[in-house]
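Residue numbers start from 1 in every chain, and the chains themselves are labelled A, B, ... in the order their sequence lines are given, proteins ahead of strands.
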Amino acid sequence: MGKNISAQTIGIVMLEIKYVRQNLSEVQKSLENRGETADLETFTNADGDRRAILLEIEDLRHRRNIVSDEIAKIKKQGKNADGLVSEMREVSAKIKELDNSLAENEKKVNEILIALPNLPHSSVPVGKNSSDNRVEKQVGKCPDFDFTPLPHWTLGENLKILDFERAAKITGARFPLYMGAGARLERALISFMLDIHTTEHGYKEVLPPFIVNRNSMTGTGQLPKFEEDLFKLEGWDYFMIPTAEVPVTNIHRDEILEEAMFPIMYTAYTPCFRSEAGSYGKDTRGLIRQHQFNKVELVKFSTPEDSYDELEKLLHDAETILKRLDLAYQVVLLCSGDLGFSAAKTYDIEIWMPAQNVYREISSCSNFESFQARRANIRVRRKGKKRTELVHTLNGSGLAVGRTVAAILENYQQADGSVVIPEALRPYMGNMERITP
RNA sequence: GGAGAGAUGGCCGAGCUGGCUGAAGGCGCUCGCCUGCUAAGCGAGUAUGUGGUUAAAGCUGCAUCGAGGGUUCGAAUCCCUCUCUCUCCGCCA
């Protein structure tokens, strides 16, 4: 039957091909706002050729289908159909030939489409980089110290709860080793976050695989563009997850969901693995930028009309954790140039880190609209409607656990070098009130 | 790791000596009828993607029976490769 056509293969793209075709200049402009470029001219040409060829192929196939039936009938009557057979032999050869050039054009089209980032939502400010992000609000009070606050890595080492030296021996740079109360603190935070999201916010807890296949990575947009950011298993086409977003969003890959199920809300704790390619020399100390870190993730599947409401709720759910821990933070709306590849709109939550005197990202909450759903083929069937629709997917950290530990250490440190445990967390720490050397 | 079996529509399950089979049958579901209520019964409909046409319903082309490739005028059916599932043995947390 020759090549599998376009429908399926072309379907695996981020932006809808039809939309790109019909809104070239708008797509172009969105790309510029993101600081991206794409060869849309090549796209237009290849796409045009592709469609023309496809039309011809379908025509030929139509004819072959009909004639093949005739041949069957003729043969059934015991008559000779050699003429038609040899004619169809040629038709089939022609189809095969066209299939090849179709595949070529398809490949070109696909390569361009799959590398196109999502279009920013209209509420996203246009800007070049993180300096153009908009601070939406600041919450909580940054602590005043009557001494010079220490960075968390110094605190952690002094308290013997973080041991970067031995971690480097065991593995290498950028891996964490928590000891004693530090390990307990990490585990307490995971439980604390999961409990709040499941019992108060209505998320269903899932524990997914930490290693996924190529299709899953492509579905959420990590592949094919960002393979160098991932750890890949040697000898396997498997990857360590950089975030729970990947396995959890892919739970419903290639599924048609019922409208009544929405919104679907999952929360998952997983470790996350990132190669951090290109970040040499950045955040070399402490828990901020590790190859392995823990995160509690929030993932939502929404109907298109509700997804932006769901984004606000998601942001709220992530903020709740920081409020309970009584940590100061700000919410930042990312500008077009700082937006991630798959996202249409993103809020970052940034936590106050007193030792460095800066806010650091601790959560990133995004609406991907139909970008991931198109790649991962996740749809909804409306009540009474025949056609299916792509869902919208969202996710956000709720929260990055290692960075939360870092924030607690720095914000709750005392003059004597001890660290007070936030009250909300004490039940999870065996009622421990303070970590002392 | 060794030996075997399998992968079909929302589900179960035929077809697999190649040709009106996009796919029997059953279940489920939807709509209609009927019944005083419930249950049962009767009738019709019920995959996905993509293109054409239409105001729309609809009609219609092409593709899809795990994935990819091959043979053939024609493949769910034959051949090859891969993936996954199941059973038995081995090994192991």
When the [atom1] atoms of [M] and [N] are compared, how many Å lie between them, rounded to an integer?
| N | M | atom1 | answer |
| --- | --- | --- | --- |
| B:G15 | B:C37 | P | 44 Å |
| B:A57 | B:U46 | P | 15 Å |
| B:U50 | B:A44 | C1' | 28 Å |

- Could you tell me which non-hydrogen atom of A:G398 sits nearest to which non-hydrogen atom of A:H197, and how far apart they are?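 What the structure gives for the nearest pair is O-NE2, 2.8 Å.
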
- Do the rings of A:H291 and A:F175 sit parallel, tilted or perpendicular, given the 30° and 60° boundaries? tilted

- Message: Please classify the nucleic acid contact of A:R63 as base, sugar-phosphate, or nothing, using heavy-atom distances under 4.0 Å.
- Response: nothing

- For A:R379, report the nucleic acid contact type (base, sugar-phosphate, nothing); a contact means any heavy atom under 4.0 Å.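 Sugar-phosphate contact only - A:R379 comes under 4.0 Å of backbone atoms but never of a base.
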
For a quick test of reading the model: is some side-chain N or O of [X] closer than 4.0 Å to OP1 or OP2 of [N]?
| X | N | value |
| --- | --- | --- |
| A:N65 | B:A63 | yes |
| A:K76 | B:C20 | no |
| A:R381 | B:U48 | yes |
| A:H62 | B:G61 | no |

- Does a salt bridge link A:E389 with A:R379, judged by any charged N lying under 4.0 Å from a carboxylate O? no

- Message: Taking the basic N atoms (NZ, or NE/NH1/NH2) and the acidic carboxylate oxygens, is any pair closer than 4.0 Å for A:D338 and A:R34?
- Response: no

- Message: Centre-to-centre under 6.0 Å for A:F301 and A:F262, is that the case here?
- Response: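 No, the ring of A:F301 stays outside the 6.0 Å limit from the ring of A:F262, centre to centre.
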
- Message: Checking contacts here: which listed nucleotide (B:G51, B:A63, B:C73) is nearest the side-chain heavy atoms of A:R21?
- Response: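 Looking only at heavy atoms from C-beta outward on A:R21, the closest nucleotide is B:G51.
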
Mind calculating the distance between [atom1] ([X]) and [atom2] ([N]) to the nearest angstrom?
| X | N | atom1 | atom2 | value |
| --- | --- | --- | --- | --- |
| A:K75 | B:G19 | NZ | C1' | 10 Å |
| A:N377 | B:G49 | CG | P | 8 Å |
| A:L102 | B:A63 | CG | C1' | 12 Å |

- Item | Runs of at least three consecutive pairs that involve RNA chain B, where pairs are Watson-Crick or G-U with distances under 3.5 Å |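 When the pairs of RNA chain B are grouped into runs of at least three, the stems are B:1-7 with B:83-89, B:10-12 with B:25-27, B:28-33 with B:41-46, B:47-53 with B:58-64, B:66-70 with B:78-82.
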
- Which residues in residues 83-98 of chain A have at least one heavy atom lying under 4.0 Å from any atom of RNA chain B?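 By residue number: A:V85, A:M88, A:R89, A:S92, A:K96.
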
- Any donor-acceptor pair under 3.5 Å between the side chain of A:E58 and the base of B:G61?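 Answer is yes: a donor-acceptor pair is held.
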
- Task: Establish, for the pair A:K204 and A:Y266, whether the NZ or CZ atom is under 6.0 angstrom from the six-membered ring centre and no further than 45 degrees off its axis.
- Result: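 Ring-cation test returns no.
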
- Is the shortest heavy-atom distance from the side chain of A:V391 to the side chain of A:T303 under 4.5 Å? no

- From A:K107, A:R21, A:K18, residue fulfilling salt bridge (charged side-chain N to carboxylate O under 4.0 Å, His left out) relative to A:D47: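 The salt bridge (charged side-chain N to carboxylate O under 4.0 Å, His left out) with A:D47 is passed solely by A:R21 among A:K107, A:R21, A:K18.
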
